[in-house]
Amino acid sequence: MQRMHISDFDLEKTVECGQIFRWEKRDGTYYITAQNNILLIRQHGDILNFSAVRGGSSFVKRYLSLDEDYSKIISSLRKDGLPEEVISSAYGLRLIRQDPFECLMSYVASSASNIPRIKRNLNSLCRNFGRRISLGKFSSYSFPGPSEIFSRRKIENSFRKFGFGFRARFYPQIVQSVMSTENSENADEAFKKFFSRIRRMNYEGAKQALTSLPGVGSKVADCVLAFSLGFSEAFPTDVWVRRGVSILFFNGRNISVREAEAFGRRRFGENAAYAQEFIYYWIRNRKKLS
DNA sequence: ACCCAGGAAGCTC
DNA sequence: GAGCTTCATGGG
């Protein structure tokens with residue numbers, strides 16, 4: 001078990017706010033499976049105790065965005081008019097830096113679904129196509145890479161068995177599209193090239209590239225951009241964030257998702273992704289808190 | 001029985 | 001663009 005001093009960080013909020021889906025909490029300790037890694041971690045005040053299959057403290061710092069200047073982000077959000085009630089409720093929440101492929105697969109599954117079901121779907125996918133990995137007594141399944149999923153036949157049928165429903169058809173279409181645009185017969189190489197190309201684009205180009213994929217619209221694209229590709233100016237807007245923006249900034253007026261997204265991006269600029277996570281956390285927990 | 005769930009796509013207007 | 005329906009499936 002390793003040890004790290006941290007400040008301005010809340011592990012519970014960060015893990016449980018819905019950015020990631022593959023985690024469990026046992027006796028106050030979180031077991032997070034990310035790609036082919038397992039991170040065991042718990043927090044006592046400003047101390048983090050953790051252990052990981054691969055990567056030590058450098059992995060944890062990067063994965064949990066502990067290398068960012070939090071007070072700078074907070075003061076910027078405050079200056080841009082994010083209400084104090086929202087800031088204090090979500091304070092300590094940080095963006096998790098996910099693997100782009102895992103993030104894309106996960107959020108394609110999220111459309112018109114709910115978090116418990118998304119978790120079940122992804123766990124089913126990993127149990128069947130991933131590899132068994134373990135850390136001490138805890139064992140889990142890796143998130144399968146592109147070729148571990150797409151070198152099989154009847155991909156759509158498999159995803160239906162895993163409970164993805166109507167979203168199942170998007171998966172074979174996505175790999176076909178990526179392999180075609182990257183001009184590669186190898187799924188691993190195709191996705192690698194695809195994401196590294198997107199990383200070098202500006203926000204508009206990157207979003208265009210992602211939304212050209214089947215099953216990837218504005219919301220899913222923004223999640224992948226914000227949670228895995230470092231585009232902090234993305235403002236992923238779902239029904240919850242739309243509701244939150246409406247209450248906080250439009251006096252409860254019924255605004256569209258598109259309107260709320262444009263507002264969030266204009267208002268919060270390069271910290272839009274943090275603003276979005278704070279608003280999401282606030283709106284989903286405000287009954288609990290008050 | 002009905003509605004909604006971290007939406008997207010394919011329509012019509 | 002905005003407004004509608006459909007797409008599986010599970011839970012309230």
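In what follows, every chain begins at residue 1, and chains take the letters A, B, ... in the order their sequences are listed.
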Sugar-phosphate, base or nothing in reach of A/Q276, heavy atoms under 4.0 Å: base

Criterion side-chain contact (heavy atoms from CB on, under 4.5 Å) against A/I74, the qualifying member of A/L82, A/I87, A/D69, A/N271: A/I87

A/F235 CZ - B/dG6 C1' separation (whole Å): 13 Å

Side-chain N or O of A/R258 closer than 4.0 Å to phosphate OP1/OP2 of C/dG1: yes

Rounded distance in Å - CH2 (A/W240) to P (B/dG7): 10 Å

Nearest-angstrom distance from the residue atom CG of A/N114 to P of B/dG7: 10 Å

Touch class at under 4.0 angstrom, heavy-atom based, for A/P116 against every strand present: nothing

Donor-acceptor pair between A/E68 and A/Y274 side chains, under 3.5 angstrom: yes

Presence of A/R167 side-chain N/O under 4.0 Å of B/dA8 phosphate oxygens OP1/OP2: no

Sugar-phosphate, base or nothing in reach of A/R169, heavy atoms under 4.0 Å: nothing

Same-atom distance (C1') from B/dA5 to C/dA2, integer angstrom: 23 Å

Touch class at under 4.0 angstrom, heavy-atom based, for A/G163 against every strand present: nothing

A/R54 to A/F59, cation-pi by 6.0 Å centre distance and 45° axis angle: no

Candidate nucleotides B/dA8, B/dG6, C/dG10, ranked by approach to the side chain of A/Y107 - the nearest: B/dG6

Closest listed nucleotide, where the reference is the side chain of A/R117 and the choices are B/dG6, C/dA8, B/dG7: C/dA8

Protein-nucleotide distance (A/F21, atom CZ; B/dA5, atom C1'), rounded to Å: 12 Å

Touch class at under 4.0 angstrom, heavy-atom based, for A/V108 against every strand present: nothing

Short side-chain donor-acceptor distance under 3.5 Å, A/R132 and A/S139: yes

Candidates B/dG6, C/dG10, B/dG7 - which lies nearest the side chain of A/V241: B/dG6

Stacked cation flag A/R22 on A/F143, 6.0 angstrom / 45 deg: no

Sugar-phosphate only, base, or nothing, as touched by A/R243 at under 4.0 Å among non-hydrogen atoms: sugar-phosphate

A/K219 NZ to B/dA9 P, straight-line distance once rounded to whole Å: 13 Å

Short side-chain N/O contact to C/dA8 OP1/OP2 from A/R160, under 4.0 Å: yes

Listed nucleotide nearest any side-chain atom of A/S111, set C/dT9, B/dG6, B/dG7: B/dG7

Touch class at under 4.0 angstrom, heavy-atom based, for A/Q173 against every strand present: nothing

A/R62 CZ: over 12 foreign heavy atoms closer than 6.0 Å: no

Span that lies between the P atom of C/dG12 and that of B/dG6, in whole angstrom: 13 Å

Sugar-phosphate only, base, or nothing, as touched by A/V257 at under 4.0 Å among non-hydrogen atoms: nothing

Sugar-phosphate only, base, or nothing, as touched by A/L213 at under 4.0 Å among non-hydrogen atoms: sugar-phosphate

Touch class at under 4.0 angstrom, heavy-atom based, for A/T237 against every strand present: nothing

Touch class at under 4.0 angstrom, heavy-atom based, for A/Y280 against every strand present: base

Heavy atoms from other residues, nucleotides or ligands near CD of A/Q176 exceed 12 (cutoff 6.0 Å): no

Gap between atoms CZ and C1', on A/F166 and B/dA8 respectively (whole Å): 8 Å

Integer-rounded Å distance: C/dG10 P and A/F164 CZ: 13 Å

A/K207 NZ to B/dA8 C1', straight-line distance once rounded to whole Å: 13 Å

Whole-angstrom distance between C/dA8 and B/dC11, as gauged at atom P: 16 Å

